[in-house]
Peer 1: 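Have a look at this one.
Only heavy atoms go into these numbers, but all of them, side chains included; no hydrogens, no water, no symmetry mates. Letters A, B, ... mirror the listed sequences (proteins, then strands); counts begin at 1.
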Number of protein chains: 2
Amino acid sequence: MMKKASKRLVTISDVAQSAGVSKATAARVLGSYGTASPDAKEKVRDAAKKLGYQANELARSMTTGRSKTIGVVVGDIENQYFGQAVRGISDAARAAGFDVILANSGENAAKEKTAVRVLLGKRVDGLIVTPASVFETQHLHDIQRSGRPLVLLDRTVPGLDVDAVVTDDRHAAEAATKTLIDAGHRRISYITATESEDPIYRGPHQISLSTVMERIEGVMAAGRAAGIEQPERYIRLGAGRGGMGDKIIADLLQQTQRPTAILASDNVVALEVFKTLRRLGMSIPGDLSLIAFHDADWTSVTSPPITVIAQPAYDLGFESAQILIRRITGTGDVASRRVLATKLITRQSVAAPPKL
Amino acid sequence: MMKKASKRLVTISDVAQSAGVSKATAARVLGSYGTASPDAKEKVRDAAKKLGYQANELARSMTTGRSKTIGVVVGDIENQYFGQAVRGISDAARAAGFDVILANSGENAAKEKTAVRVLLGKRVDGLIVTPASVFETQHLHDIQRSGRPLVLLDRTVPGLDVDAVVTDDRHAAEAATKTLIDAGHRRISYITATESEDPIYRGPHQISLSTVMERIEGVMAAGRAAGIEQPERYIRLGAGRGGMGDKIIADLLQQTQRPTAILASDNVVALEVFKTLRRLGMSIPGDLSLIAFHDADWTSVTSPPITVIAQPAYDLGFESAQILIRRITGTGDVASRRVLATKLITRQSVAAPPKL
DNA sequence: TTGACATATGAGACCGGTCTCAAATACGTT
DNA sequence: AACGTATTTGAGACCGGTCTCATATGTCAA
């Protein structure tokens with residue numbers, strides 16, 4: 001009962017000594033490589049069990065050069081969308097015997113850079129990153145240069161030739177916009193959380209996320225196809241969680257030529273829109289139609305339930321991890337871009353625009 | 001432009017050689033320990049930059065014995081509650097210069113055990129765990145035995161004398177129940193997702209989570225204080241996501257002496273309750289009053305908005321990480337139990353029971 | 001000029017595994 | 001019995017850092 005918390009952990013040499021064999025033999029048995037006689041195996045295993053031996057993976061990784069660990073840098077784990085993706089990564093990794101080191105960038109490129117450096121320092125075998133910005137990508141190129149595989153999740157980076165798993169954002173936005181147009185809308189707003197001092201959209205130079213850019217293109221393409229002038233007129237940026245969302249949305253809806261429909265870029269923005277509408281006393285879909293990206297659980301229980309673009313977040317994670325692991329273990333052919341399909345789930349938040 | 005992906009990464013010896021100093025001196029400069037002349041420092045730093053040196057943290061951890069990494073095993077990252085907690089852990093860790101290795105147990109004790117073993121193998125400096133079961137705890141005792149600090153998050157394990165950060169579940173459940181009783185309810189149901197083949201509550205031996213047990217005690221205490229007979233009568237278990245939730249809730253609500261109020265154990269269960277009620281055509285709070293644990297974002301936008309018990313999930317994570325890190329770096333005094341307060345947020349899902 | 005002491009530096013052991021290589025032992029065959 | 005081959009084993013180098021210790025150099029006072 002005097003078992004003091006042992007300062008020094010039991011090593012393979014301890015086991016070898018206890019089993020009466022050489023360090024090399026003990027290592028072969030415990031590391032499951034090379035050959036060893038049944039007799040030796042038994043002695044070593046017994047000794048290991050008796051001593052409570054547990055391999056030092058650090059030392060193991062050090063000699064083998066592989067850590068069986070993948071690093072993940074994600075924008076915001078609090079967001080269900082990424083939560084699901086991380087779950088997918090986690091499941092795929094576990095199935096292949098890999099562990100996951102997670103870092104949260106808070107959608108901040110500088111933090112992302114730090115996180116990548118740390119993960120590379122820990123000698124992860126590969127990385128999965130949701131790049132926070134298409135403008136600051138030096139650290140991503142560094143990963144490539146280090147020879148370790150990288151898979152981009154959810155977003156791409158122009159000019160960076162690596163594997164990526166994304167959704168068909170452009171098409172999804174186009175289809176959703178078309179749905180609104182078909183319902184009779186001509187003044188359609190796209191609202192995103194993407195950082196920007198200026199909430200008005202003036203061009204691609206403001207947009208740091210590939211997904212957002214694709215969606216904007218989709219919205220504008222659908223608008224132009226329907227002969228709508230200045231389809232970018234109602235695009236709004238920076239409706240993030242910082243309290244600005246409410247103001248931006250309210251300003252948008254209180255102008256004389258207000259939009260009659262909104263396409264919300266993610267479920268956080270959609271919730272913000274929903275709350276602002278309620279505050280302003282506007283009804284959905286009577287006064288305003290709404291479609292949201294991401295089929296968050298709550299969107300089906302509001303009144304009315306919200307029409308959404310369902311994104312396969314879990315699969316996004318799962319597949320990206322599979323691709324990464326395949327590249328770590330296997331052959332390195334040319335970089336691929338996997339595009340997963342989204343699905344428009346029609347509920348009751350879309351109707352004809354009000355007669356103004 | 002023929003820069004081939006370098007197989008072998010640049011080591012401290014390479015830097016030393018390039019700088020024209022010994023390995024030891026280069027290590028001193030780059031590792032910020034010992035002494036070195038300004039001249040040597042400059043030469044080494046220049047060489048390091050030129051070669052793109054990046055320390056191998058594995059090797060570093062190996063000799064120092066500390067990895068500056070904490071392991072986190074959580075029930076379900078997809079659940080916003082844990083997402084927030086992980087965010088809190090992540091922030092506190094980063095602030096102290098620690099990294100996080102995350103593992104998802106899926107609320108499965110066997111997976112949790114594996115995860116712990118892997119993390120210990122990776123030589124994390126300490127662990128934060130949300131134990132999936134109070135019955136299988138051998139691996140948690142093993143952590144203690146290994147001498148590495150452990151902090152329990154959200155839940156406790158009887159007989160395991162380690163730090164824990166939890167919420168005041170018992171009190172919260174008691175207060176919520178009292179609120180329902182004060183509104184006139186006598187038949188109050190507590191519904192939890194906790195695994196169980198038998199949905200009927202028969203005793204503590206079925207309950208593998210300390211939080212659930214505390215809440216049940218709270219519910220029963222409030223009931224008994226109000227002179228309600230068999231306050232455990234409407235307790236239901238196993239309403240997890242496996243589709244069983246709907247059946248269990250529907251069965252409960254269709255019996256002749258049905259409950260008039262429900263206390264939902266988490267936001268997933270609450271959502272299930274909400275959907276089932278809608279399917280059965282019952283209204284809140286007209287036919288049934290509802291209070292949910294966890295202030296999930298959607299609870300404020302439903303019709304009616306739901307009265308909830310707000311839990312400080314982020315703080316739970318943040319504080320547990322702080323406590324863990326303090327224990328890793330600092331003095332080891334006696335194990336503490338930190339109890340964070342919850343808050344009842346009154347919205348519109350509670351009213352007097354219908355006259356049946 | 002010399003001794004005392006601080007500062008700077010290099011050689012080499014060490015952490016705990018893996019892995020190469022050569023020696024030892026076992027086994028089968030003629 | 002003798003030889004060829006396969007299997008088992010141990011010694012020791014190695015991975016890339018840290019760290020101890022002894023030596024070299026510099027500074028200052030006497």
Side-chain angles (χ1 to χ4, degrees), chain A residues 6-45 47-48 51-69 118 120-125 146-147, chain B residues 6-45 47-48 51-69 118 120-125 146-147:
Chain A
S6 45
K7 191 155 209 78
R8 200 175 142 291
L9 295 168
V10 14
T11 74
I12 211 157
S13 298
D14 300 330
V15 174
Q17 191 166 10
S18 165
V21 299
S22 74
K23 182 181 157 193
T25 299
R28 274 189 281 258
V29 174
L30 266 11
S32 306
Y33 61 91
T35 62
S37 63
D39 177 58
K41 280 183 185 168
E42 193 188 331
K43 280 191 296 183
V44 170
R45 295 221 172 93
L51 270 50
Y53 170 76
Q54 178 156 52
N56 182 336
E57 295 297 338
L58 255 39
R60 184 168 282 170
S61 297
M62 184 136 157
T63 37
T64 59
R66 19 192 54 261
S67 61
K68 277 274 180 180
T69 304
V118 168
L120 288 177
K122 286 213 191 298
R123 295 297 188 261
V124 293
D125 290 340
S146 83
Chain B
S6 45
K7 191 155 212 79
R8 200 174 141 290
L9 294 168
V10 16
T11 73
I12 212 158
S13 299
D14 299 331
V15 175
Q17 190 167 12
S18 165
V21 299
S22 74
K23 183 183 156 193
T25 299
R28 275 189 280 258
V29 175
L30 265 11
S32 306
Y33 62 91
T35 60
S37 64
D39 176 59
K41 280 182 183 167
E42 192 187 333
K43 278 192 296 182
V44 171
R45 294 223 173 91
L51 297 170
Y53 169 77
Q54 179 157 51
N56 182 336
E57 294 297 337
L58 254 37
R60 185 168 282 171
S61 297
M62 181 134 162
T63 37
T64 58
R66 16 192 55 262
S67 60
K68 277 274 183 180
T69 304
V118 168
L120 287 178
K122 285 211 191 301
R123 297 296 188 262
V124 294
D125 290 340
S146 83

Peer 1: Answer whether the closest heavy-atom distance between the side chains of B/R45 and B/V29 falls below 4.5 Å.
Peer 2: yes

Peer 1: Rounded to the nearest Å, what distance is computed from the CG atom of residue A/L51 to the P atom of nucleotide C/dG16?
Peer 2: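 The answer, rounded to whole Å, is 14 Å.
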
Peer 1: Does a side-chain N or O from B/T35 land closer than 4.0 Å to OP1 or OP2 of C/dA8, or not?
Peer 2: yes

Peer 1: From C-beta outward on A/A27, which listed nucleotide comes closest to its side chain: C/dT18, D/dG17, D/dG10?
Peer 2: C/dT18

Peer 1: Starting at the 5' end of DNA chain C, which residue's closest nucleotide do you reach first, B/K23 or B/D39?
Peer 2: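 The residue closer to the strand's 5' end, by nearest nucleotide, is B/D39.
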
Peer 1: Calculate, to the nearest 0.5 Å, the distance between atoms CD and CG belonging to B/Q17 and B/L51 respectively.
Peer 2: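 Reported to 0.5 Å precision, the distance equals 10.0 Å.
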
Peer 1: Figure out the CZ/C1' separation between A/R123 and C/dG17, and round it to whole Å.
Peer 2: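 These atoms are roughly 17 Å apart.
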
Peer 1: Can you measure A/Y33 atom OH to D/dG10 atom P for me and round it to whole angstrom units?
Peer 2: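 Those two atoms, OH and P, are 13 Å apart.
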
Peer 1: What is the distance, to the nearest angstrom, from the NZ atom on A/K43 to the C1' atom on D/dT9?
Peer 2: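 In whole Å, D/dT9 C1' and A/K43 NZ are 11 Å from each other.
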
Peer 1: Rounded to whole angstroms, how far apart are CZ on B/R28 and P on C/dG12?
Peer 2: 15 Å

Peer 1: Base, sugar-phosphate or nothing for B/S37? Non-hydrogen atoms, less than 4.0 Å.
Peer 2: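 Contact class for B/S37: sugar-phosphate only.
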
Peer 1: Out of C/dG17, D/dG17, C/dA8, which nucleotide sits closest to the side chain of B/N56?
Peer 2: D/dG17

Peer 1: Rounded to whole Å, please give me the gap between CG in A/L30 and P in D/dT9.
Peer 2: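 Result: 14 Å.
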
Peer 1: Within residues 57-69 of chain A, which residues have any heavy atom lying less than 4.0 Å from an atom of DNA chain D?
Peer 2: A/M62, A/T63

Peer 1: What closest approach, in Å, do A/V124 and A/S67 show between heavy atoms, and which atom pair accounts for it?
Peer 2: CA-OG, 3.6 Å

Peer 1: Can you tell me how far P of D/dT9 sits from CD of A/E42, to the nearest Å?
Peer 2: 13 Å

Peer 1: Considering only heavy atoms from C-beta outward, does the side chain of A/T11 approach that of A/N56 to under 4.5 Å?
Peer 2: no

Peer 1: Is there a side-chain contact between B/K122 and B/T69, using heavy atoms and a 4.5 Å cut-off?
Peer 2: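 B/K122 vs B/T69: side chains apart.
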
Peer 1: Just how far, in rounded Å, is P of D/dG16 from CG of B/L9?
Peer 2: 8 Å

Peer 1: Measuring from atom OG of B/S61 to atom CE of A/M62, what distance do you get when rounded to the nearest 0.5 angstrom?
Peer 2: 10.0 Å

Peer 1: Looking at every strand, decide which applies to B/A24 at a 4.0 Å heavy-atom threshold: base, sugar-phosphate, or nothing.
Peer 2: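 Base: the residue B/A24, judged by heavy atoms under 4.0 Å, touches a nucleobase.
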
Peer 1: B/T11 has a side chain; which of D/dG17, C/dG17, C/dT9 sits nearest to it?
Peer 2: D/dG17

Peer 1: Charged N to carboxylate O below 4.0 Å: is that the case for A/R60 and A/E57?
Peer 2: yes

